[in-house]
Amino acid sequence: MATVNFSVPEAVKQKFNKVFAGKNKSQVIAELMMRAVEERALHKRRVKTMEGLLKLRGRKPHFSDAAIRAAREYGRP
């Protein structure tokens with residue numbers, strides 16, 4: 001198991017200790033860190049997906065308002 005040292009504001013430390021009193025704080029922090037890693041990976045996947053969609057959007061053909069209107073009205077009684 002690795003040891004990690006980092007500094008946090010005293011107010012954060014006090015609130016953390018109060019909220020997680022009686023809990024294994026190392027386990028709580030490890031779970032929070034893993035959650036942050038998963039959220040970052042999800043964010044990166046979402047960004048990549050959006051970039052792909054935007055690239056595809058740039059490739060689709062453009063239609064005039066008149067062509068769109070005609071397509072909507074085609075086949076209507």
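Everything quoted here is computed from the prediction, not taken from an experiment.
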Report, one line per pair, each donor and acceptor closer than 3.5 Å where one atom sits in a side chain of residues 33-58; sequence neighbours left out.
residue : atom : partner : partner atom : Å
T49     : OG1  : R45     : O            : 2.9

Which pairs of donor and acceptor atoms, one on a side chain in residues 66-77, lie under 3.5 Å apart (sequence neighbours left out)?
residue : atom : partner : partner atom : Å
R76     : NE   : R72     : O            : 2.9

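By the side-chain hydrogen bond (donor to acceptor under 3.5 Å, both in side chains) test, Q27 is found to be paired with E31, residues two or more places apart in sequence or in another chain being considered. In this structure, the ring-ring contact (aromatic ring centres under 6.0 Å, His included) partners of F20, at least two apart in sequence or on a different chain, are F16.
Among pairs with a residue in residues 5-17, none fulfils salt bridge (Lys or Arg N to Asp or Glu O under 4.0 Å), at least two apart in sequence or across chains.
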